[in-house]
Amino acid sequence: MTVSRPDTHPVDPHATAMFDYLRGRYQPPFCYVRSDGKVSEDPIERRFEDPVDFRDYELRAFDKTSGRVLDIGCGAGKHLLPLQQAGLDVVGIDVSPLAVRVCQERGGRNVRVMDALRLEFGPETFDSVLLFSNGLAMGGTPAGVNRLLAECRRVTRPGGRVLLSNTDVALSTDPADLAYQEENVRRGDPRGLVRMHTSYRGVAGDEFNWLFMSPAELSAAAADTGWSVTDVDASTWGGYAAVLTRE
């Protein structure tokens, strides 16, 4: 899908930052702005890094990719392109038309605009599904995460796997993060729920929810949706990778 004026896209700061980086006109910072006002700059160049620069735990999970692959939230193609170059049959999807354009311009051959919660594929189409870069968090709520995992199971062949990275936010040492989590708990929300929006070049995107999960919470969601967590590779600061195998 073509975007006529991507540099003025009104509601997609993330993809606009990627597009500008691709064109050599990136103007940092690109930021996530949490609902309590905390601003976190996120280097957009990380969307373009090679596997050698992946975090160790993510690279170990990434190396387990096999068969026909679905990359959910493919963005600029940091996971899709190396797999494609290695000869795997890989399909990338992203909800952002501009992100899809960025990936295509970088060489992504089979990349489509699609909602991860409404996958437009038949049953048992893929052997591996990728949800790296906290992709599972896009479910936004416990029910949304379960729906995303159920969709992944539907399109995955028996014995297929989901390979993902996530963050156990409870391991944060930032007092503001811990206070935010405690307020979630006080309201009856999941500890790992984060309400935020993106910001780039003075443009703020729409607010959205991400739901970060601990390995224990992930195991419970997996069990509810027909998956088994067969490997967890965790860091000391909270980031981790996991492998889910279809039961």
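Note that the structure is predicted; figures quoted are calculated from it, not measured.
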Ring pair (Phe, Tyr, Trp, His ring centres under 6.0 Å): which pairs involve residues 102-127, sequence neighbours left out?
-> F121-F126
Using atom types as modelled and distance alone, determine if a side-chain donor or acceptor of N184 lies under 3.5 Å from a backbone N or O of R191.
-> yes
Within 45 degrees of the axis of the six-membered ring of Y180 and under 6.0 Å from its centre: does R34 put its NZ or CZ there?
-> yes
Which heavy atom in L98 sits nearest to a heavy atom in D12, and how many Å separate them?
-> CB-OD2, 4.4 Å
Is the shortest heavy-atom distance from the side chain of F208 to the side chain of T198 under 4.5 Å?
-> yes
Give a yes or no answer on whether the side chain of S228 reaches the backbone of E247 with a donor-acceptor pair at less than 3.5 Å.
-> no
Side chain of Y57, backbone of A242: donor and acceptor closer than 3.5 Å?
-> no
Path from W237 to V232 over hydrophobic side-chain contacts below 4.5 Å | no
Checking side chain to side chain contact (heavy atoms under 4.5 Å, CB included) for the pair V39/Y32: CA distance, chi angles, key distance, verdict?
-> CA-CA 6 Å; V39 179; Y32 289 101; over 6 Å; no
Answer yes or no: is there a donor N or O on one side and an acceptor on the other, between the side chain of D233 and the main chain of A241, under 3.5 Å?
-> no
Is the closest side-chain heavy-atom distance between L218 and N166 below 4.5 Å?
-> no
Starting at NZ of K78, measure out to CD of E49 and round the result to the nearest 0.5 Å.
-> 3.5 Å
Give a yes or no on whether the backbone of T156 and the side-chain of R246 come within a donor-acceptor separation of less than 3.5 Å.
-> yes
Following the transitive rule for hydrophobic clusters with a side-chain heavy-atom cut-off under 4.5 Å over Ile, Leu, Val, Met, Phe, Trp and Tyr, establish whether L164 and V229 coincide in one cluster.
-> yes
Same apolar cluster: V95 and M114, side chain cutoff 4.5 Å = no
Could you tell me which non-hydrogen atom of M213 sits nearest to which non-hydrogen atom of A221, and how far apart they are?
-> CE-CB, 3.9 Å
Which residues share a ring-ring contact (aromatic ring centres under 6.0 Å, His included) with F62, sequence neighbours left out = F54, H79
Counting only N and O atoms by type, is there a donor-acceptor contact under 3.5 Å from the side chain of Q84 to the main-chain atoms of G107?
-> yes
E124 backbone acceptor or donor facing R157 side chain under 3.5 Å | yes
Do V102 and Q104 have side chains that get closer than 4.5 Å, going by heavy atoms?
-> no
Distance in Å, L163 CG paired with E58 CD, rounded so as to fall on 0.5 Å steps | 10.5 Å
Steps toward side chain to side chain contact (heavy atoms under 4.5 Å, CB included) verdict (Y200, Q27) = CA-CA 8 Å; Y200 175 62; Q27 300 174 34; 4.0 Å; yes
Test item: S172 side-chain N/O and D174 main-chain N/O as donor-acceptor pair under 3.5 Å | yes
d(S219 OG, L244 CG) to nearest 0.5 Å is 8.0 Å
According to a 4.5 Å side-chain heavy-atom criterion applied to Ile, Leu, Val, Met, Phe, Trp and Tyr, with indirect links allowed, do F212 and V33 form part of one hydrophobic cluster?
-> no
Polar side-chain atom of Q181 near backbone of V169 as donor-acceptor pair, under 3.5 Å = yes
Can you find a pair of side-chain heavy atoms, one from E183 and one from D189, that are under 4.5 Å apart?
-> no
A99 and S96 have their tightest heavy-atom pair at N-OG, 3.1 Å
Minimal heavy-atom distance between L178 and A170, with the atoms involved, is CD2-O, 4.1 Å
Hey, what do you get for OG (S35) to NE2 (H197), rounding to the nearest 0.5 Å?
-> 10.0 Å
To the nearest 0.5 Å, how far apart are CG in L211 and CD in E217?
-> 7.0 Å
Quick one: pull up SG in C31 and CE in M196 and give me the separation to the nearest 0.5 Å.
-> 12.5 Å
Within a strict 4.5 Å, meaning less than it, do heavy atoms of the L22 and R47 side chains meet?
-> no
Check whether any side-chain heavy atom of S128 sits under 4.5 Å from a side-chain heavy atom of S66, and report yes or no.
-> yes
Search all heavy atoms of G160 against all heavy atoms of W227 and return the closest pair with its distance.
-> O-CZ3, 3.6 Å
Main-chain N/O of A76 paired with R106 side-chain donor or acceptor, under 3.5 Å | yes
D231/R161 ion pair, N-O < 4.0 Å = no
Side chains of residues 132-150: which donor-acceptor pairs under 3.5 Å do they make with residues two or more places apart or in other chains?
| unit_1 | atom_1 | unit_2 | atom_2 | d |
| --- | --- | --- | --- | --- |
| N134 | OD1 | T167 | N | 3.3 |
| N134 | OD1 | T167 | OG1 | 3.0 |
| T141 | OG1 | G144 | N | 2.9 |
| R147 | NE | L117 | O | 3.4 |

So does D20 pair up with R25, basic N to acidic O under 4.0 Å?
-> yes
Which pair of heavy atoms, one from T236 and one from L171, lies closest together, and at what distance?
-> O-CD1, 4.2 Å
Report yes if some heavy atom in the side chain of L80 is under 4.5 Å from a heavy atom in the side chain of V111; otherwise report no.
-> yes
With a 4.5 Å limit on heavy-atom distance, are the side chains of I44 and P28 in contact?
-> no
Per the side-chain contact (heavy atoms from CB on, under 4.5 Å) rule, which among L130, V90, L119 passes with L70?
-> L119
Would D177 and K38 satisfy side chain to side chain contact (heavy atoms under 4.5 Å, CB included), going step by step from the backbone distance to the final call?
-> CA-CA 9 Å; D177 292 347; K38 180 180 178 180; 2.8 Å; yes
